[in-house]
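Count residues from 1 along the sequence.
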Amino acid sequence: MARTIFVCLAALLCVGAALGGHPVYTCGGEPNNNPIIEANPQFIKSVKNGKLYHAGQGDETISVVHVYGSFYDMGYAQGQLLKDEVNY
């Protein structure tokens, strides 16, 4: 068992070295150069199974939703919390 794991790890190292040390997976996208929001999120409102916070200022404000419970409960709480922000 230990020998099998060692052989697999050795094979992965060889593949990594052959690729120039780059990871096998790549997304092909551009790096995210957006600034990091460092301010603490501000509490906005709470419903059963969820809370809504806003982080950032002005046009760079994002909504942070914390939901919990069953899948149905989380979806219902998200809808209640974001109903004023969703554009149809």
Side-chain angles (χ1 to χ4, degrees):
M1 178 70 174
R3 180 175 169 86
T4 304
I5 293 173
F6 175 75
V7 170
C8 290
L9 289 175
L12 287 174
L13 288 174
C14 290
V15 169
L19 294 173
H22 296 288
V24 176
Y25 57 90
T26 58
C27 68
E30 297 294 321
N32 182 355
N33 294 321
N34 294 324
I36 297 172
I37 298 173
E38 296 181 6
N40 290 329
Q42 294 179 332
F43 174 77
I44 303 300
K45 65 181 173 180
S46 176
V47 298
K48 182 181 177 185
N49 295 327
K51 297 177 183 176
L52 174 65
Y53 300 89
H54 283 169
Q57 295 178 354
D59 291 339
E60 296 185 4
T61 301
I62 60 170
S63 298
V64 179
V65 179
H66 176 209
V67 293
Y68 41 90
S70 69
F71 294 124
Y72 177 85
D73 292 337
M74 290 188 289
Y76 193 83
Q78 180 182 356
Q80 287 180 312
L81 292 168
L82 297 176
K83 67 181 176 185
D84 296 332
E85 299 182 28
V86 175
N87 299 322
Y88 297 99

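- Distance check: His66 NE2 to Met74 CE gives 10.0 Å after rounding to the nearest 0.5 Å.
- No more than 12 heavy atoms of other residues, nucleotides or ligands sit less than 6.0 Å from atom CD of Gln57.
- Applying the salt bridge (charged side-chain N to carboxylate O under 4.0 Å, His left out) definition to pairs two or more places apart or across chains, none involves residues 55-78.
- Ile44 meets the side chain to side chain contact (heavy atoms under 4.5 Å, CB included) test with Leu52, His54; sequence neighbours excluded.
- Hydrophobic clustering, with ILVMFWY side chains joined whenever heavy atoms are under 4.5 angstrom apart, groups Val67 together with Val86.
- Residue pairs meeting the side chain to side chain donor-acceptor pair (under 3.5 Å) criterion with at least one partner in residues 32-47, sequence neighbours excluded, are Asn32-Asn34.
- Residues passing the side-chain hydrogen bond (donor to acceptor under 3.5 Å, both in side chains) test with Asp84, sequence neighbours excluded: none.
- In plain terms, the two heavy atoms of Phe43 and Tyr53 that are nearest each other are CA-CD2, 3.5 Å.
- When all heavy atoms are compared, the tightest approach of Ser63 to Leu82 is CB-CD2, 4.2 Å.
- Tyr72 is linked by a side chain to side chain contact (heavy atoms under 4.5 Å, CB included) to Ser70, Tyr76, counting only residues two or more places apart in sequence or in another chain.
- For CZ of Phe71, the number of neighbouring non-hydrogen atoms (other residues, nucleotides, ligands) closer than 6.0 Å is 12 at most.
- The side chain to side chain contact (heavy atoms under 4.5 Å, CB included) test applied to Val47 returns Ala77, Gln80, Leu81, not counting sequence neighbours.
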